[in-house]
Every structure is written in structure tokens, then in C-alpha cells.
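This report concerns only the one structure given below.
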Amino acid sequence: MAITKERNKFNVDEELESPFNISQLKRAGKYIGRYWKLLLRAFLLSVVAILLDLVTPLYTTKIVDDLVPAKDIRGILLVGLLFAATVALVLVINRWRTLLFNSAGQYIITDIRHDLFVHLQKLPFDYYDSRPHGKILVRVVNYINAVANFLSNGIISILIELLSLVAIFFFMLKLHVGLTLMVLTGLPLFILVMAFIKTPQRRAYQKLSNKQSNLNAYLHESISGIKVTQAFDREDTNYGIYTKLCNDSRFAWLHAIRISGVIWPIILTLSVVYTVLIYYAVGAGWFSGVTVGVLLAFVSYTSRFWQPIQTLGNLYNQLITNTAYLERIFQLMDEPVSIDDRPGAVELPPISGRVEFKNVVFGYEPTQTILDHVSFVAEPGENIALVGPTGAGKSTIVSLLARFYDIREGSVTIDGHELWDVTISSLRSQMGMMLQDSFLFTGTIRDNIRYGRLDATDEEIVAAAKAVHADDFISQMPMGYDTEVQERGASLSAGQRQLISFARTLLADPRILILDEATSSIDTQTEQLVQEGLQALLKGRTSFIIAHRLSTIKNCRILYIQDGKIAESGTHQELLDKHGLYYELYTSQLS
């Protein structure tokens, strides 16, 4: 039953079945418009290539009807060379055109991804908390790839194919009106077939996209949680889920290919049938004045006549599907940035670090209350420890202070400035935060320590590492501070990752320091060394420390949080003397 629920969790498809919405294309037009000169050159080259290619059958007519009967060898050679030169020129132009289209496509991809990434950087924590990250990646990677190719090539291709169809029709009429009208009788049949399969084809490719999205989401989660998977011996179970999702994707792909594969045989059949009809009609004398050269040229145009029609049918389905992709991309871009600079927000001046919470009410959901009228004041340079049971609201308090979320009621001020009256950048630039999850980025140890302060010198980096006793193990590594860190710091121990994160936080030289379970993965001996280094660094800074090891917060003013309220407040000794909640927690740890 559990496996079924997990599978269903990743079988929630994106809703892509929607009517054609021209507004999505209009909105995408700003990305296309930036490179209109590039696309215009590519379009003009396409026009030249089409016209040159359509001239080549006329060379055949000239050779067969005029030069061969006249035994003009020199003329045949000249026309043959002209034929070859024309074909070569078409190949060169097509290559040039392709490069221009691809260049425009890559520029469009870069612009859309840039705008999307900038927006993703601004979205609040709760957006990422409520969605599988793999499905976000599908929109940023898969959907944008499909859309960018269509925006740069597909829309222009529609114009090119329409132009090609008109040009072919013109050349056919020029050669013979009667034969042209006969070929056109097959057009209603083809339109009927396309109308019959266009909806199943569109739905098939939308279903394929959904299944690939589900597969990517599960793959992303599986890789991120591989250590837990192996620790709980879940490899076989996860393999079964992954196999199911792979099979769903494979079946969807085969189904889409089977439907799309119907079009080409129909086109080929119509081309062959009408080629035979042309030969029969000319041979039976239905039409007069048809020379051998005209016949050969007309047959060539007939075979080309169906190709633009088929391409237009496919492009129509791509148009429908890609507007659905565009809708999902723009839906992500339109996701409201609920935590943003308010109109009129000013730069927070250099602060001394006085923090005040006044009757703060907050909940992650409208019907939920995590903090219930919380009030306290932290004076500049004061060390505040937040303790209490899991889920009481300790991490929520520091998250509100950094304005990762906005309060529902009350106020939070720093040096008298309301948080929402100042810019987020000026607020967080004066804070140093070490979260419970010691996240390290791919790069060197030096890059990770410098992450929050790019102008820091190598000497300052080493000094920060020494202050938290990270230099001891870093200097013993073969490359020292230039040692490459694997993704998420997988090559380092949990304690080493926390020490590097500590150095990164301290290097930023913040006025307000937030430590959320900063020593949870450090052994007792190392913790004592870190505490010694922190005493000097905490001096003069307002700090908020969340720690379950109560031995690490004896020098702090302690706020005991329970049920979203401050149940007790005081120094370590004062709270022990009260024999209240903190006393019970402390004595339970000792026992």
C-alpha cells in the first residue's frame, strides 16, 4: 500500500490540456523581438533557398525538352553545372540559415532562463516547501528547451512553409493548370486525416511530457536522498517505483510515435498515388501539351507539394503544445514574490543590533498559529538563546528576523526600523546566519568560506577558519583551502561541514548573528574549542542561538519557547532556581 501511495505521489501530471491561448505567444514575443534582425536574416535566407530549390526542376525541363533533342552537349553541360551550383548554393544557404536560427534559439533560451532564475531566487521558502523540486527543474530545463526551439524556429517555419507551398503552387500552375487542379483534389483527404489525428497527437505528446516530468521529479528526490535510501535498504523498493515511472514514460513515447508515424505513410501514399495518376492521365491523353520535360518537372513539384502541408500540420500541434508549456513557464514567472521590498523601502543604515519583537503573531498557513503574541527585546551585543521542545517556534523566530517570512500581526524592529520598511538586501547583509543544514556549494573550501563576502582576502578567510578551529583540518588536506568540495560537501564529515559554514558566517562580520543548531554535528572536544573562538566573535554582536545542548548557552539570556509563547525568560542560573520548564529540560539532559 505504501508503494502505491509513493507512486501516486509522482504520478500527478501537469495539467497541459488547455485551449490555444494567443496571449502566451504575444507575451513570448518580447523574447523573439530582441533578436528580430537575426531571425529576419534567417527568414530571408530561407526564402532565397526555397526559390533556388524550386528552380531546379525547370533545369530538367530545359535539358529534356530542348537540349537533348537538339543534341546540344555544351548546353547540357552548362545547365548541369548550373544545376549543381544551385544545389550547392542551397546547401550553403541552408547551413547558414540553420546557424542563425540556432543562435537565436540559444539567445532566447538564455533570456528566458535568466528571467526565470532571477525570479526563482526571490521566491519565498514556502514556495519550495510545497512543490517537488524535480518538477520545478522540468519547467526550467525541458519546457524552456522545447519552447525556445519553437519560438526561434517553429514560428518562422510556419511562415516559410506557407511561402514554400505558395511558391510550389505557382510553379505547378506555370507548368500546367489542369494537372495542378487534379493534384489539389487530394488536399481535402489529407486535411480530413490531419483533423482526425491532431487532437490525439497533441494529447499524446502532452502525456509524454507529463510522464517525463514525473520521472525527473522522482529521480531528483532519489539522488538527493540516496544516503537515507541505502541506510534503510530501500534500493529494491525504489527501483520498482523508478521502473514503473520509466515504463510510463516509455509507453507514452511509443504511443506518441505511433500516432505521429501515421502522417508520413499517408503523405507518401498520396504522393505515389498522384504521381501514378499524373503518368496515367498524361499517357491516356487527358491533357494536351505535356512534354516529357514538363511531366518530369511536374512530378518533382508534386512530390514536394505535400511536404509543406505535412510540416504545417506538425507545426500546428507543436504550436498548441508549446503554448501550454509557455503558460506553465509564465505561471512560474508570475508566482507572487510575497517577501519583497515594499514600495518606498529604504536602505537599513549600519546597525548596533537592538532587536524587538512586539506582539508577533505568525503561522505558515492562514488557519495555523506558530507564534502567539511573542514579545521580547534583545539589546545590542546581547546573546539570546532560544530553547524549548521541537516545533515550539524557535527557528520560526529567527526566520522572521531575517524576513524569510512576513508576520501576520505585531511588529519586528531592528534599531527601531520596521523590517518591512527597509530593503531585504540591506537587512540580510548585516546578518550572519548558520542554518541547521550546513549546505556547501560545489567549488573550493576557500570559495565556500568567501560565499557571503566576496571581497574577503585570503588572510581574512584563514583568520575566520582559525577562529572556529576549522583551519586545523583544512590545512591538513592535500590542497588546503583550494581543496574541491563535492556537491553538498559530500566528501567532508558533518562536523567539518558545520565548521566551514561557521567560518563562512563569521567572515561576513555581521552585526546580528544567528546560529541554528550550529554545534549539533561537532564532537564535544571540538565544541569546546569553537566556544572559545566564539566568545571574542560574539562580543559586540547581537546573537540568537538555537541549541538543544544546554551546556553551550550558559552565558546567554535564555528564552524558553513553548506552544508559540515565551514561557520563561532569564539567565541559566535564574531559570534553574525557578525549578520550572527550563529546570526540567536541563535536569533531564543531565540524567
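Everything numeric in this text was worked out from a predicted model, so none of it was measured. Keep in mind that the numbers below use all heavy atoms, side chains included, and drop hydrogens, waters and symmetry copies.
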Counting heavy atoms not belonging to F170, are there more than 12 under 6.0 Å from its CZ?
no
Heavy-atom nearest pair, R408 first then E365, reads NH2-O, 2.9 Å
Distance under 6.0 Å and angle within 45° of ring axis: R34 vs Y107:
no
Distance alone, cut at 3.5 Å: any donor-acceptor contact between the side chains of N238 and T229?
yes
Using a 3.5 Å distance criterion without hydrogens, assess whether the side chain of Y274 forms a donor-acceptor pair with backbone atoms of G186.
yes
Out of V87, V47, I93, which residue meets the side chain to side chain contact (heavy atoms under 4.5 Å, CB included) rule with L52?
I93
Would you say Y301 and T180 are linked by a side-chain donor-acceptor pair, where the criterion is simply a distance under 3.5 Å?
no
Report, as yes or no, whether the 6.0 Å neighbourhood of atom CH2 on W420 holds more than 12 heavy atoms from other residues, nucleotides or ligands.
yes
Is there a donor-acceptor contact under 3.5 Å from the side chain of K122 to the main chain of D340?
no
Would you indicate whether the side-chain heavy atoms of V273 and L189 approach each other to under 4.5 Å?
no
Could you tell me whether the side chain of S501 and the main chain of R497 form a donor-acceptor pair under 3.5 Å?
yes
Spacing of CZ belonging to F305 relative to CG belonging to L187, to within rounding of 0.5 Å:
5.0 Å
For residues D248 and N214, determine if any side-chain heavy atom of one lies less than 4.5 Å from a side-chain heavy atom of the other.
no
Answer yes or no: is there a donor N or O on one side and an acceptor on the other, between the side chain of T185 and the main chain of M182, under 3.5 Å?
yes
If you count heavy atoms of other groups shown closer than 6.0 angstrom to OH of Y451, is the number above 12?
no
Going by heavy atoms in the side chains, are K211 and L245 under 4.5 Å from each other?
no
Where the side chain of R428 meets the backbone of R403, is there a donor-acceptor pair that is under 3.5 Å apart?
yes
Heavy-atom neighbours of D236 CG exceed 12 at 6.0 Å
no
Out of the candidates N448, D447, T442, only one should pair with T444 under the side chain to side chain donor-acceptor pair (under 3.5 Å) rule; please name it.
D447
In terms of the angle between their ring planes, are F362 and Y405 parallel, tilted or perpendicular, with boundaries placed at 30° and 60°?
tilted
Candidate list L100, L40, I108, test side chain to side chain contact (heavy atoms under 4.5 Å, CB included), partner Y35, passing option
I108
Other residues, nucleotides and ligands only: do more than 12 of their heavy atoms fall within 6.0 Å of CD on Q121?
yes
